[in-house]
Every structure is written in structure tokens, then in C-alpha cells.
Amino acid sequence: MLRNIRGVSSLLFIVMTLSAFIMFLTTLQLYNVMTETPKKIVIRNQFDDIGNILANDVVEIVLSIPHGGKIHYREVLPVDVAGQGYWVELNSSKECVNVSTFGYTATYILGGIRYEINMSSSINATSSGGWIWINASRELR
């Protein structure tokens, strides 16, 4: 009984080598998916925290500012979000806080402040410092 099994081992070698190469390419493609999804989740959660911080500050300002009064308030925000710089916009006429970075923007509604106070924010490059100045004034009625 003479058997030639040399052809089977060559075919098995080729199949195993190609499958290892395909697995390597698949791993490279999935690496981007495995790193970007957690990064987006971290950005969304940190933006929620920043929006809540600013919303709480606005409520405190609305409750404490007297008629005819002005407040110049400074808040410390995180320097970056998931390793990226971000921008914050707080405007009472739009009644919202916008927190944005490249490719993602979160808007937080602050209903009713337009009728109470005139508020604006002065941002000093939150990507490099983390300081935000909030200027608010309430007219005499």
C-alpha cells in the first residue's frame, strides 16, 4: 500500500497560511472599530458632565443675581475630552449650551433663562487651559 500524502500537506499549508493572513487583516480593520467606539462613549459622557456643570452654574446665577446686578463668574472645565480639544458656547438668547469637538456636538437646553438674565460666555481656549468666564446681567424691572 503506497500512499502519496505530500499533496495534502502542501494544500493544508496554503490554506492555513491564507487563513492566518486573513485573520491578521481582519484584526487590523477591527482595531479602528475597537478604539473609536469607546472614544465616542467617553466623549458623550464627558460632554454630559460638562453640560451639567454649566447648567448648574446657570441655575445658581439665575437664583443669586439681583435685579440690576452683574456677575463675572469663572468655572474650571476639563482641559480636554478623550485627548481632544473642545469648544463651549453658552448663550442665553439661544437658551442652550453647546459643547463640541471635531465630529461631535452636544446641545443642552436651558429653558427660560432668556427671560430672566442676559448671559454670555467668554471662553479662553478650553483646549489649553480649561477656564471659562461667564458674564451675566439682569436688567432692572
Side-chain angles (χ1 to χ4, degrees), residues 1-139 141:
M1 291 223 191
L2 209 52
R3 293 190 313 176
N4 186 359
I5 58 172
R6 185 174 178 161
V8 173
S9 63
S10 297
L11 181 63
L12 192 59
F13 172 75
I14 292 170
V15 168
M16 290 182 72
T17 303
L18 284 176
S19 64
F21 182 69
I22 291 170
M23 289 296 290
F24 176 71
L25 290 179
T26 304
T27 304
L28 288 178
Q29 292 297 322
L30 288 177
Y31 175 76
N32 190 27
V33 172
M34 291 186 294
T35 57
E36 288 300 317
T37 302
K39 189 175 188 179
K40 288 180 183 178
I41 292 170
V42 167
I43 288 173
R44 186 177 61 226
N45 289 338
Q46 286 188 344
F47 278 6
D48 286 342
D49 291 342
I50 292 169
N52 288 330
I53 288 170
L54 292 175
N56 288 336
D57 289 345
V58 169
V59 169
E60 289 175 8
I61 288 170
V62 168
L63 292 175
S64 64
I65 191 168
H67 290 286
K70 293 182 180 181
I71 289 182
H72 188 65
Y73 180 77
R74 180 175 71 176
E75 177 66 56
V76 180
L77 297 177
V79 176
D80 60 8
V81 171
Q84 296 182 359
Y86 63 95
W87 300 272
V88 176
E89 178 190 4
L90 171 63
N91 196 328
S92 62
S93 63
K94 295 179 183 177
E95 294 188 346
C96 67
V97 175
N98 290 326
V99 185
S100 58
T101 187
F102 299 105
Y104 184 75
T105 300
T107 302
Y108 303 94
I109 304 299
L110 302 171
I113 65 166
R114 172 177 34 173
Y115 304 107
E116 290 293 323
I117 58 175
N118 181 17
M119 181 174 295
S120 64
S121 62
S122 173
I123 313 302
N124 291 330
T126 57
S127 61
S128 64
W131 294 99
I132 179 173
W133 290 95
I134 300 173
N135 302 312
S137 63
R138 180 180 279 172
E139 297 176 4
R141 292 184 186 194

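From Ile65, atom CD1 reaches atom CD of Glu60 across 13.0 Å, with rounding to the nearest 0.5 Å. Here the CD-OG1 distance, from Glu89 to Thr107, works out to 9.0 Å after rounding to the nearest 0.5 Å. Note that the CD1 atom of Ile61 and the CD1 atom of Ile71 stand 5.5 Å from one another [nearest 0.5 Å]. Note that CD1 of Ile134 is 12.0 Å distant from CZ of Arg74, once rounded to the nearest 0.5 Å.
Under the rule for a ring-ring contact (aromatic ring centres under 6.0 Å, His included), the partners of Phe102 that lie at least two apart in sequence or sit in another chain are Trp87. Take Thr35 and apply the side-chain contact (heavy atoms from CB on, under 4.5 Å) test, not counting sequence neighbours, and it matches Tyr31, Asn32.
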Please list, one pair per line, the donor and acceptor atoms closer than 3.5 Å that link side chains of residues 39-52 to other protein atoms, with sequence neighbours excluded.
from: Asn45; atom 1: ND2; to: Ile41; atom 2: O; distance (Å): 3.4
from: Gln46; atom 1: OE1; to: Ala82; atom 2: N; distance (Å): 3.4
from: Asp48; atom 1: OD1; to: Tyr108; atom 2: OH; distance (Å): 2.8
from: Asn52; atom 1: ND2; to: Asp48; atom 2: O; distance (Å): 3.1

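A donor-acceptor distance shorter than 3.5 angstrom exists from the side chain of Ser19 to the backbone of Met16, with no hydrogens or angles considered. At distances below 3.5 Å, not a single donor-acceptor pair connects side-chain atoms of Thr105 with backbone N or O atoms of Ser100.
Put simply, the side chain of Val88 reaches to within 4.5 Å of the side chain of Leu54, judged on heavy atoms. Side-chain contact between Ile53 and Leu77 is present, with at least one heavy-atom pair separated by less than 4.5 Å. Counting heavy atoms from C-beta on, the side chains of Lys70 and Asn135 never come closer than 4.5 Å.
For the residue pair Ile22 and Thr26, the shortest heavy atom distance occurs at O-OG1, 2.8 Å.
Under a cut-off of 6.0 angstrom, the local environment of CE in Met34 is crowded, with over 12 non-hydrogen atoms contributed by other residues, nucleotides or ligands. Within 6.0 Å of CD on Gln29 lie no more than 12 heavy atoms contributed by other residues, nucleotides or ligands.
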